[in-house]
Structures are given as structure tokens and as C-alpha cells.
Amino acid sequence: MSSPFSKSLLRWFDTEKRDLPWKETRDPYKIWISEIILQQTRVAQGLPYYLQFITRFPDVIALANAPQDEVLKLWEGLGYYSRARNLHHTAQLIRDEYNGKFPDTYEEVLALKGIGAYTAAAIMSFAYGKAYPVLDGNVKRVVARYLGIHEAADLPATQKTIMAWLNGEIPKSKADDFNQALLDLGATVCLPQNPLCNVCPVALDCVAQKEELQGLLPVKSKVVKKKDRFFHYFLIIHPAGQILIEQRNSKDIWQGLYQFPMVETNTDKSLKKTEVQAFFEETGFSVGTDGAKID
DNA sequence: AAATCGGGGCG
DNA sequence: CGCCCAGATTT
């Protein structure tokens with residue numbers, strides 16, 4: 001028996017699913033390649049790479065036997081190049097330790113380099129039909145909105161909550177379609193900005209839709225905004241040859257340490273004449289005839 | 001829990 | 001320019 005959510009989702013998927021080449025195979029090797037390429041990479045960007053990759057390396061042995069340089073060359077432009085190195089390394093491990101046959105248990109797949117919880121679940125469901133829910137950025141967004149989760153979606157505790165709910169929703173017989181449907185829904189309907197709730201199959205029971213929270217969910221854990229800091233140091237030399245330093249009293253990582261006298265600004269532009277004058281007035285130093293050049 | 005890893009598309 | 005993308009790994 002399937003829930004209203006799963007039922008509506010799968011019915012929508014029947015007619016609205018994206019037509020993508022890695023959906024046409026159950027070959028764990030090809031599904032593995034597609035999942036690695038699509039890690040943090042848009043489908044439109046990864047698609048041509050996938051086609052080139054499986055053309056040049058049609059199976060795990062071909063990949064394992066290729067020189068690493070060639071694998072990296074095919075990866076050129078995709079970024080996150082450790083993915084390509086892990087791919088090559090893992091292909092050789094499968095060749096040597098698994099007799100060329102891709103492993104088919106979750107634990108074994110998860111243990112492979114470059115494969116985390118998401119990719120392991122994707123391979124288990126798409127290649128072997130096993131009921132392991134996938135949890136990626138799309139799924140987090142869809143579920144956080146559907147359930148109205150106000151905790152940050154990328155926190156481990158929240159992911160556990162979402163995963164528990166997914167485990168109760170995923171149908172054993174159509175686990176692969178369920179996972180694909182969630183990914184497709186997140187990518188084409190439940191968009192990060194301006195989701196298309198009017199065509200969403202589960203909008204009626206969606207908490208975010210009911211309470212108009214689509215723009216607020218999912219909540220992200222706040223990123224500490226990095227501020228640029230610019231330090232302008234003065235080299236002040238006494239006629240007798242001594243050089244002036246001061247001790248930092250500001251409460252930061254350098255508290256108590258010594259430095260040349262300094263003015264901090266939030267731009268990297270050189271100090272204006274007025275700022276330099278202000279510095280000398282505050283400190284009580286004056287500029288001698290052969291002293292600092294002010295411009 | 002947060003930083004790091006990249007390149008690209010888009011408003 | 002900031003955000004986001006079929007995340008994984010290290011600190």
C-alpha cells in the first residue's frame with residue numbers, strides 16, 4: 001500500500017519524467033559514472049561528459065586499463081577533479097578485487113572511494129531496484145517544503161528526520177521510480193526559486209504551499225559571512241634609529257601580539273591624506289621634514 | 001559542524 | 001555578484 005504522496009508522485013512521473021540516457025540502463029557501471037559526473041553538477045552540463053565517457057570507456061575494465069591522464073583529460077572542464085581520480089582508482093579496484101563485477105550490496109558500494117550515502121543509494125536503487133532512498137539537494141528541498149521542516153536541512157539531525165520519512169514512503173516495488181521522481185520533481189517543479197506549485201503533483205498536501213513558505217524553505221544553516229579586512233601599516237622610524245611598534249588590544253586572533261602601527265579599512269585602496277592625518281593626530285606623532293610621504 | 005573542492009548558468 | 005547544482009572527504 002502506498003501513501004498519497006508516493007502515489008501522486010509516481011503518477012506524475014509516468015508522464016512528466018525527464019528523458020535522460022542513464023535512465024535507459026540498469027548497468028551499475030554506467031549508473032555509477034552518471035552519478036559521479038552529476039555530483040554538484042547540473043544535468044545539462046554533465047550530459048555531454050557522460051556520453052563521451054561511456055563511449056570511450058564502455059565498461060569498468062576499459063576505464064581501469066586506461067592511463068589516468070586520459071581519464072583526467074576527459075574530465076577537463078567539469079571541476080572537482082578528485083572525482084575523476086577516485087573513478088579511475090575504483091575502476092581498478094573493481095577490476096582487481098571484484099573480478100570486474102560491480103559490487104551489489106549497499107555496504108560494499110558505500111565503501112568505494114568517491115561514493116557517499118547519496119551515490120550508494122542511487123546505485124542500489126537505479127541498478128539493482130533496492131529500496132534505498134536518495135537524499136540530495138533536490139530531495140532535501142522537496143521534503144523540507146512538503147513537511148514544512150523549519151530546521152536547517154543540511155544539518156545531520158534534519159537529514160536523519162528526512163531519511164526516516166523517506167524510508168516510510170519509498171515503495172519496495174518501485175524504489176527506482178520513486179527516487180528518480182523526487183529528483184525530477186526537485187529539478188523541474190520544486191525549484192529553489194519560484195517553484196511551479198501550480199503543476200506540482202503533491203501541492204495539495206504540501207505544508208510550504210499551504211502556508212506560502214516556499215520562498216523560506218528549505219532553511220539553510222547560516223553561513224558566517226566572510227568580511228574582507230585591509231591593514232595599512234606605518235613604518236615609523238625615530239631619528240635615533242628605533243622603530244615604533246604597538247601591541248594589539250583588539251579582541252581577535254592576534255590579541256596581545258605586536259605589530260607596526262596600523263589602520264584597518266574595509267577597502268584595499270591606499271589611505272586618503274585625511275585618514276593619514278587623522279592617524280597622526282590620534283597618535284600624537286608628527287611628520288618630520290624628511291618623514292612620511294603623504295599623498 | 002564547517003571548510004574545501006570548481007566550473008558554469010542564471011536572475 | 002550571489003546562489004545553486006543527482007556530494008564526498010577532510011579537519
Side-chain angles (χ1 to χ4, degrees), chain A residues 9 13 17-25 28 30-51 53-54 72-90 106 109-127 132-145 151-160 162-163 166 170 175-196 214-228:
Chain A
L9 179 68
F13 184 67
K17 66 175 169 184
R18 289 180 292 178
D19 189 18
L20 298 167
W22 44 85
K23 293 185 182 177
E24 310 302 319
T25 181
K30 289 179 182 168
I31 288 166
W32 170 52
I33 299 296
S34 74
E35 292 301 339
I36 300 298
I37 288 177
L38 292 172
Q39 285 170 1
Q40 291 294 284
T41 303
R42 291 171 190 279
V43 166
Q45 187 193 1
L47 181 53
Y49 285 86
Y50 170 79
L51 296 174
F53 222 85
I54 61 167
L72 287 170
K73 183 65 181 172
L74 270 185
W75 207 263
E76 206 171 62
L78 259 188
Y80 290 114
Y81 293 94
S82 63
R83 291 185 294 176
R85 287 190 292 273
N86 289 150
L87 212 50
H88 190 225
H89 174 272
T90 295
Y106 179 82
V109 172
L110 182 62
L112 299 173
K113 265 191 186 138
I115 295 185
Y118 164 80
T119 304
I123 292 172
M124 291 309 295
S125 65
F126 299 150
Y132 290 89
V134 292
L135 182 52
D136 77 328
N138 288 306
V139 180
K140 284 176 204 166
R141 185 170 59 253
V142 170
V143 177
R145 284 174 176 165
E151 292 75 34
D154 51 352
L155 258 45
T158 311
Q159 295 194 41
K160 269 187 70 177
I162 295 176
M163 191 56 93
L166 288 170
I170 190 169
D176 49 351
D177 282 355
F178 178 84
N179 280 342
Q180 289 280 14
L182 275 176
L183 297 176
D184 283 6
L185 189 69
T188 66
V189 175
C190 197
L191 305 169
Q193 267 80 37
N194 307 315
L196 311 176
Q214 301 96 316
L216 301 177
L217 300 180
V219 174
K220 289 171 298 181
S221 49
K222 51 171 170 279
V223 288
V224 281
K225 193 177 155 228
K226 287 173 192 162
K227 249 177 53 183
D228 292 331

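No hydrogens, no waters, no symmetry mates; every other heavy atom, side chains included, goes into these values. Predicted model, so just to flag it, every value in this text is computed and none were measured.
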Participant: Counting side-chain heavy atoms from CB outward, which of dG6(B), dC4(C), dA8(C) is closest to T41(A)?
Facilitator: dG6(B)

Participant: Between L135(A) and M163(A), which heavy-atom pair has the shortest distance, and what is it?
Facilitator: CB-CE, 3.7 Å

Participant: Provide the distance between the two C1' atoms, one in dA8(C) and one in dG9(B), to the nearest whole Å.
Facilitator: 23 Å

Participant: Starting at CG of D154(A) and ending at C1' of dC4(C), how long is that distance when rounded to a whole Å?
Facilitator: 13 Å

Participant: Would you indicate which nucleotide in dA6(C), dG7(B), dC5(C) comes nearest to any side-chain atom of Y81(A)?
Facilitator: dG7(B)

Participant: Can you tell which of dC5(C), dC3(C), dG7(B) lies closest to the side chain of Q193(A)?
Facilitator: dC3(C)

Participant: Any N or O donor-acceptor pair under 3.5 Å from the base of dC4(C) to the side chain of R42(A)?
Facilitator: yes

Participant: Which value, in whole Å, describes the distance between the C1' atoms of nucleotides dG6(B) and dC5(C)?
Facilitator: 12 Å

Participant: Ignoring backbone atoms, establish whether K220(A) has a side-chain N or O less than 4.0 Å from OP1 or OP2 of dC3(C).
Facilitator: no

Participant: In whole angstrom, give the distance that lies between atom CZ of R18(A) and atom C1' of dA6(C).
Facilitator: 8 Å

Participant: Check the phosphate of dA8(C) against T119(A), side-chain N and O only, distance under 4.0 Å to OP1 or OP2. Yes or no?
Facilitator: yes

Participant: Starting at CD1 of I36(A) and ending at C1' of dT9(C), how long is that distance when rounded to a whole Å?
Facilitator: 13 Å

Participant: In whole angstrom, give the distance that lies between atom CD of Q40(A) and atom P of dG6(B).
Facilitator: 13 Å

Participant: Could R18(A) and D184(A) be called an ion pair, given the rule that one side-chain N must be under 4.0 Å from one carboxylate O?
Facilitator: yes

Participant: Please report the distance separating the C1' of dC4(C) from the corresponding atom of dC5(B), rounded so that it comes out in whole Å.
Facilitator: 15 Å

Participant: The side chain of Q39(A) lies closest to which of these nucleotides: dC5(C), dG7(C), dA6(C)?
Facilitator: dG7(C)

Participant: Please give, in whole Å, the distance from dA6(C) P to Y49(A) OH?
Facilitator: 16 Å

Participant: Of the options dA1(B), dC5(C), dG8(B), whose atoms approach the side-chain atoms of P156(A) most closely?
Facilitator: dA1(B)

Participant: Send over the distance from R83(A) CZ to dA6(C) P, rounded to a whole Å.
Facilitator: 12 Å

Participant: Does the dG6(B) base have a donor-acceptor partner in the side chain of Y80(A) within less than 3.5 Å?
Facilitator: yes

